[in-house]
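Source: prediction; values computed, not measured.
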Amino acid sequence: MSDAAESPTNPQYFRKVFGHLPTGVVVVAGRGLDDELVGVTIGSFTSISLDPPLAGFFISRASRSWSLIAARGKFCANVLAASQTELCWRFAKDAPDATVGSRFDGLEVGVSANGSPVLPGVVATIDCDVLAVHSFGDHDLVVGSVSALRTLQASAPAMVFVQGKTGDARIDS
């Protein structure tokens, strides 16, 4: 065990340390102004408030996908099941040589209460209207007003991300 502190300005070490903290995994999905399907993997989605119901996440300001979703002002967080690793990685990075809508190729996409895409096999969906966006460092904090909730696969364990890998969030009691 090393007890020497490292500088937080070392991005590799910063990621390594924070990689020990498990996060839930969702695909935030919406539609662009041209009605194209858009989605991006998020590992920071969280509930913020019960009254009023608010949820939020952090997203890089460099994200092409988020800028398209944000223009419409509403999104659906698709809570991934532990078995959906392929979907996690499919929506994880903005590919410069691909259209954002191509991430949905071959998927039977449903529609949420607010008209956003619902991925097949997800555990739950959380529909939000964008309430506020605040900039911090190289990311934005997006706060959404929750307009609808739905559980689709209640018995499926949700996906977590820890130390660079996807896993199972099931807690045995």
Side-chain angles (χ1 to χ4, degrees), residues 21-60 63-95 99-134 139-162 165-171:
L21 183 63
T23 62
V25 183
V26 304
V27 171
V28 168
R31 293 183 178 274
L33 291 177
D34 293 333
D35 214 34
E36 71 272 32
L37 302 179
V38 187
V40 62
T41 300
I42 299 292
S44 61
F45 197 84
T46 190
S47 64
I48 294 175
S49 169
L50 292 173
D51 186 18
L54 302 174
F57 61 94
F58 289 94
I59 184 80
S60 170
S63 172
R64 287 184 313 136
S65 297
W66 172 246
S67 65
L68 294 170
I69 296 169
R72 217 112 330 141
K74 56 180 71 179
F75 62 89
C76 177
N78 289 261
V79 179
L80 295 185
S83 62
Q84 294 183 299
T85 300
E86 188 274 329
L87 286 180
C88 171
W89 296 116
R90 180 191 286 216
F91 288 90
K93 297 282 183 188
D94 280 333
T99 63
V100 290
S102 66
R103 293 175 173 171
F104 291 88
D105 288 352
L107 298 177
E108 289 190 36
V109 178
V111 180
S112 75
N114 74 7
S116 296
V118 173
L119 299 175
V122 297
V123 174
T125 61
I126 304 160
D127 279 4
C128 294
D129 295 314
V130 176
L131 178 66
V133 178
H134 301 283
H139 278 61
D140 285 337
L141 166 61
V142 177
V143 178
S145 176
V146 179
S147 59
L149 301 163
R150 189 166 56 157
T151 302
L152 300 170
Q153 305 285 334
S155 63
M159 179 183 291
V160 295
F161 187 75
V162 63
K165 299 177 185 147
T166 61
D168 185 325
R170 187 181 354 226
I171 298 174

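- With Thr23 contributing its side chain and Ser44 its backbone, the two residues share no donor-acceptor pair below 3.5 Å.
- Atom CG in Leu80 sits 11.0 Å away from atom CD1 in Ile42 (nearest 0.5 Å).
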Worked check of side-chain contact (heavy atoms from CB on, under 4.5 Å) between Val27 and Arg103:
CA-CA 11 Å; Val27 171; Arg103 293 175 173 171; over 6 Å; no
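- The heavy-atom pair separating Pro157 from Val123 by the smallest distance is O-CG2, 4.1 Å.
- Atom CZ of Phe104 is separated from atom CG of Leu119 by 5.5 Å, given to the nearest 0.5 angstrom.
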Go through Asp129 and Leu131 one step at a time and tell me if the side-chain contact (heavy atoms from CB on, under 4.5 Å) criterion holds.
CA-CA 6 Å; Asp129 295 314; Leu131 178 66; over 6 Å; no
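- Under the rule for a side-chain contact (heavy atoms from CB on, under 4.5 Å), the partners of Thr125 that lie at least two apart in sequence or sit in another chain are Cys76, Asn78, Val118, Val122, Arg150, Leu152.
- A search for salt bridge (charged side-chain N to carboxylate O under 4.0 Å, His left out) contacts involving Glu108 returns nothing, not counting sequence neighbours.
- In this structure, CZ on Arg90 lies 8.5 Å from OG on Ser102, to the nearest 0.5 angstrom.
- Listed by first then second residue, pairs satisfying salt bridge (Lys or Arg N to Asp or Glu O under 4.0 Å) with a partner in residues 117-127 number zero, not counting sequence neighbours.
- Under the rule for a side-chain hydrogen bond (donor to acceptor under 3.5 Å, both in side chains), Arg31 has no partner lying at least two apart in sequence or in another chain.
- Side-chain atoms of Asp140 never come within 3.5 Å of backbone atoms of Val142 as a donor-acceptor pair (strictly under, hydrogens ignored).
- With a 4.5 Å cut-off on side-chain heavy atoms, Phe161 and Thr41 do not count as touching.
- Of all the heavy atoms in Leu87 and Pro120, the pair that sits closest is CD1-O, 4.1 Å.
- Separating the NZ atom in Lys165 from the SG atom in Cys88 is a distance of 14.0 Å, to the nearest 0.5 Å.
- When all heavy atoms are compared, the tightest approach of Gly30 to Ser116 is CA-OG, 3.9 Å.
- Under the rule for a side-chain contact (heavy atoms from CB on, under 4.5 Å), the partners of Ser83 that lie at least two apart in sequence or sit in another chain are Ala81.
- Partners of Thr85 according to the side-chain hydrogen bond (donor to acceptor under 3.5 Å, both in side chains) rule, which considers only residues two or more places apart in sequence or in another chain, are Thr166.
- Partners of Thr151 according to the side-chain contact (heavy atoms from CB on, under 4.5 Å) rule, which considers only residues two or more places apart in sequence or in another chain, are Ala154.
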What donor-acceptor contacts under 3.5 angstrom involve side-chain atoms of residues 49-58, with partners at least two apart or in another chain?
| unit_1 | atom_1 | unit_2 | atom_2 | d |
| --- | --- | --- | --- | --- |
| Ser49 | OG | Asp51 | N | 3.3 |
| Ser49 | OG | Asp51 | O | 3.4 |
| Ser49 | OG | Pro52 | O | 2.7 |

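- Within the structure, every pair that satisfies the salt bridge (Lys or Arg N to Asp or Glu O under 4.0 Å) test and touches residues 66-78, not counting sequence neighbours, is listed here: Asp35-Arg72.
- A distance of 10.5 Å separates CD1 in Ile48 from OG in Ser145, rounded to the nearest 0.5 Å.
- Separating the CD1 atom in Ile69 from the CD1 atom in Ile59 is a distance of 8.0 Å, to the nearest 0.5 Å.
- Taking Ala77 as the reference, Val26, Phe45, Ile126 meet the side-chain contact (heavy atoms from CB on, under 4.5 Å) condition, with sequence neighbours excluded.
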